[in-house]
2 protein chains.
Amino acid sequence: MTDDVLSVRAAELYYEESKTQDEIGTLLGLTRWKVGRLLSRARELGIVRIEIVHPRARRLPLERELRERFGLRDAIVVPTPNDGTGLTQRVAEAAADYLRALRPVPRSLGVSWGRTLDDIAIHLPDGWARGVDVVQINGGVSLNRRAGSAATTAVAIARSGGGEATLLPSPAILERRETRLAIEADRTIAGVLELAAAASVYLFSAGPADGTSVLVDSGYLSHGDVEELVRRGAVGDVVGRYIDANGNIVDPELDDRTVGISLDQLRAAGLSIAVVAGPAKHDVARAVVGSSLCTVLVTDEDTARAVLDTNSPASRQFNRQKREAS
Amino acid sequence: MTDDVLSVRAAELYYEESKTQDEIGTLLGLTRWKVGRLLSRARELGIVRIEIVHPRARRLPLERELRERFGLRDAIVVPTPNDGTGLTQRVAEAAADYLRALRPVPRSLGVSWGRTLDDIAIHLPDGWARGVDVVQINGGVSLNRRAGSAATTAVAIARSGGGEATLLPSPAILERRETRLAIEADRTIAGVLELAAAASVYLFSAGPADGTSVLVDSGYLSHGDVEELVRRGAVGDVVGRYIDANGNIVDPELDDRTVGISLDQLRAAGLSIAVVAGPAKHDVARAVVGSSLCTVLVTDEDTARAVLDTNSPASRQFNRQKREAS
DNA sequence: CGGTTCGCTGCTCATGTGAGCATTGCGGCC
DNA sequence: GGCCGCAATGCTCACATGAGCAGCGAACCG
């Protein structure tokens, strides 16, 4: 009888029949230490597979690897559902959980807006915290089709967190640089931006560099604009600013017309939580984490693996080209 | 935080991060006993799923249930491969293992013949036992196309088991009852049958009641014959004798022309090992076990479940009718 | 042929863990 | 409002388990 088969027998008796290692030893004619060793071996070799099946499960080994490899303060990885349904909900739920358990409770929370942030807001129960003031960190109120979504997100988070919401009453992207300078000079806007810059915690998502982006959906950019950005290396946007795989601004001119805190301000933050999930966002996720735009990442398992998979930078190229082709 | 989610967190920290229950307690703000309880709960609820993945794995809980429900002396259940490939090999291997580990070592072993027995013979290594004499328990030498397969099986087992083989030099089924009586009266044959009746252990398989049976393959029966048997309730054959779902002889006239030990002799045996696996044999397996034709069953997981599934006797009907229809 | 090294075995001991029991807290019921 | 019953909690204690170590044997090399 080979050691392998013995491992299997021991594992069966231990895990399925709940026998003690000593009993198994007698049964198989081995010492209980040998049995213990066989069991360890069985787990190492993957003969015994322990799986945690639950929508709220997490992937701690991946989280640890992300923390270590990228010096993240924290990482939250939820399992990717087999058929992909409900992925955004699960990630949003995890983000809400994280925010809720965050200590010390943030005094002021800077938030971006978008579908992901909406979902997070929904999953934050009333009274999840007390006295959390929320401030919008990038523009985008007026043009959004689903009226006021950007505003309602921030307001909802502030309300359930027992604080005040401060909105940034400005478009996300203006047509001329001068307009941006002008609007930022306005006392109201300037005040909000100051507040945003002083937030103790940032919570934001990232959009993919394709037609499904909220910036396209909201009318700030055309499909053609996005295609051009992709051609120039864009992998996605963070607080309305398009970045390439290295986390650099793709189009300085466009960036100069974008209202909100800068990427460097985000990088300088003590605690910035990025919530990025889904197959379309693998590339942005990699860029965000790789260029230190966040200190905490909330994501799904597949995206986490994609981020960690530095061995295949080719895949990035491949994905980009595929998207260009379509 | 609900108890469910706590269970998940605890399970992750325990099984994936190998933390102690005490550490987890501190981490989640619970006592270590609470953590222990959460972990038990998690396993009961199936949140934690422990699986043993190995071709040689067994299904001990099913084995236990089979033993208890049917008063079997033993049951060996191997996992059914997802795509069904190699199933017969695995079961044969398990049967060989069982035979090899059998104590006391049988002095004389009565065997039937067929594809399954062939496979078992292949998996018995040289010297698996010493002094095991083998005797054929049902006829079938001459007509088999793959020349002498019935004979070689018995001889191979005897050789590797360090004993003598005694063959039953007779067809499995004769054309007339009188011929059977005559051949059984022959001293050679009678002697073998006596030996067969006195065997300390029987090892046999069962065939499905369809065209793929070895009895058809070997030319003893025509497709038409089998169809007729099925119409009369046959679910398969054991040592050449067709039985219905209750383990009764379907066609007494046919049975009367069949050479070999009787089913009652099999039932009276101290130790009789049936090796029956595969989707086509679910019904025979149920009949064999249900009518105490064996004291030990070696099979695959799916067949075991089918045997245990007494809640749906309808499925038997359904399967039979489906087969009749085709 | 002897010495050395390496890997496996069985052991001691400290630690981790589960069964069983007393205690607490909560909700229903008079 | 007070009492009862039940479930959840925290605890004691005995047992199960893994880490670390000494002993042994085999293989390898000089």
Side-chain angles (χ1 to χ4, degrees), chain A residues 1-54 56-61 63-65 68 97 100-101 103 125-127, chain B residues 1-54 56-61 63-65 68 97 100-101 125 127:
Chain A
M1 185 97 92
T2 162
D3 247 28
D4 236 39
V5 177
L6 280 176
S7 291
V8 173
R9 296 284 159 271
E12 286 163 347
L13 292 164
Y14 191 71
Y15 292 108
E16 293 183 348
E17 302 288 280
S18 343
K19 299 211 180 294
T20 104
Q21 299 187 0
D22 210 358
E23 285 176 296
I24 299 170
T26 316
L27 225 51
L28 299 179
L30 305 165
T31 62
R32 69 192 185 78
W33 298 283
K34 176 75 179 168
V35 174
R37 283 186 246 265
L38 285 173
L39 287 172
S40 318
R41 224 180 63 95
R43 254 188 297 181
E44 275 168 31
L45 295 180
I47 291 175
V48 170
R49 198 171 295 166
I50 300 179
E51 197 185 357
I52 295 162
V53 214
H54 196 282
R56 300 285 291 265
R58 300 242 303 264
R59 287 292 117 98
L60 304 190
E63 297 182 356
R64 185 147 37 92
E65 204 178 340
E68 286 168 8
D97 281 350
R100 196 136 75 99
R103 292 297 116 88
D126 275 352
Chain B
M1 184 99 92
T2 161
D3 247 28
D4 237 40
V5 176
L6 279 176
S7 290
V8 173
R9 296 284 158 271
E12 286 162 347
L13 293 164
Y14 192 72
Y15 292 108
E16 293 183 348
E17 302 289 280
S18 337
K19 300 214 180 294
T20 97
Q21 299 187 1
D22 210 359
E23 286 177 294
I24 298 170
T26 316
L27 225 52
L28 300 180
L30 306 165
T31 62
R32 70 191 183 78
W33 297 283
K34 176 75 180 170
V35 174
R37 282 186 246 264
L38 285 172
L39 287 172
S40 317
R41 224 180 63 96
R43 256 187 297 181
E44 274 168 32
L45 295 180
I47 292 174
V48 170
R49 198 171 293 167
I50 299 179
E51 197 185 357
I52 295 163
V53 213
H54 195 282
R56 299 285 290 268
R58 299 242 304 264
R59 287 292 118 97
L60 303 190
E63 296 182 357
R64 186 148 36 93
E65 204 178 341
E68 286 169 8
D97 280 351
R100 197 136 76 98

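Any value given below was found using the heavy atoms of this structure, including those in side chains, with hydrogens, waters and symmetry copies removed. Here is the naming used below: chain letters follow the sequence lines, and residue numbers restart at 1 for every chain.
Arg56(B) has its side chain within reach of Asp97(B): a pair of non-hydrogen atoms, C-beta onward, lies under 4.5 Å apart. Considering only heavy atoms from C-beta on, Lys34(A) stays 4.5 Å or farther from Leu28(A) through its side chain. The shortest distance between side-chain heavy atoms of Leu38(B) and Leu30(B) falls below 4.5 Å. Taking 4.5 Å as the limit, every side-chain heavy atom of Val8(B) sits out of range of all side-chain heavy atoms of Asp4(B).
Taking Ile50(B) as the reference, Tyr15(A), Val48(A), Ile50(A), Arg43(B), Val48(B) meet the side-chain contact (heavy atoms from CB on, under 4.5 Å) condition, with sequence neighbours excluded. Under the side-chain contact (heavy atoms from CB on, under 4.5 Å) criterion, Glu23(B) pairs with Lys19(B), Thr20(B), not counting sequence neighbours.
Taking side-chain N and O atoms only, Gln21(B) has no distance below 4.0 Å to OP1 or OP2 of dT15(C). For dG10(C), the OP1/OP2 oxygens have a side-chain nitrogen or oxygen of Thr31(A) closer than 4.0 Å.
Taking CG of Asp22(A) as the reference point, atom CG of Leu27(A) lies at 11.0 Å (rounded to 0.5 Å). Atom CZ of residue Arg32(A) and atom OG1 of residue Thr26(A) lie 10.5 Å apart, to the nearest 0.5 angstrom. The structure places CD of Glu63(B) at 12.0 Å from CD of Glu68(B), a figure rounded to the nearest 0.5 Å. Taken from CG in Leu39(B) to CG in Leu6(B), the straight-line distance is 11.0 Å, to the nearest 0.5 Å. The distance from atom CD1 of Ile52(B) to atom CZ of Arg59(B), rounded to the nearest 0.5 Å, is 7.5 Å.
Rounded to an integer number of Å, the gap from Leu30(B) CG to dA8(D) P is 15 Å. We find that CG of Leu39(A) is positioned 9 Å from P of dT17(D), with the value rounded to whole Å. Look at CD1 on Ile24(B): it is 12 Å from P on dG16(C), rounded to the nearest Å. Nucleotide dT9(D) holds its P atom 10 Å from the CG atom of Leu6(B), rounded to whole Å. Regarding Lys19(B), its NZ atom lies at a distance of 17 Å from the C1' atom of dG18(D), rounded to whole Å. We find that CG of Leu38(A) is positioned 11 Å from P of dG10(C), with the value rounded to whole Å. To the nearest angstrom, P of dG18(C) lies 10 Å from CZ of Arg32(B). Distance, Arg41(B) CZ to dT9(D) P: 11 Å, rounded to whole Å.
Ion pairing between a basic and an acidic side chain is recognised when a charged N comes within 4.0 Å of a carboxylate O; Arg9(A) and Glu12(A) show such pairing.
DNA chain C lies under 4.0 Å from no heavy atom of any residue of residues 46-54 of chain A. Using a 4.0 Å cutoff on non-hydrogen atoms, no part of residues 10-18 of chain A comes near DNA chain C.
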Per-nt protein contacts along nucleotides 19-27 of chain C (heavy atom under 4.0 Å; B base, S backbone sugar-phosphate only, - none) come out as ---------

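Of all the heavy atoms in Gln21(A) and Gly36(A), the pair that sits closest is OE1-CA, 3.4 Å.
Each end of the helix from dC1(C)-dG30(D) to dC30(C)-dG1(D) gets its own axis, taken as the rotation carrying the C1' atoms of four end pairs onto the next four within a five-pair window, and the two axes meet at 20° to the nearest 10 degrees.
No more than 12 heavy atoms of other residues, nucleotides or ligands shown are found within 6.0 angstrom of CZ on Arg49(A).
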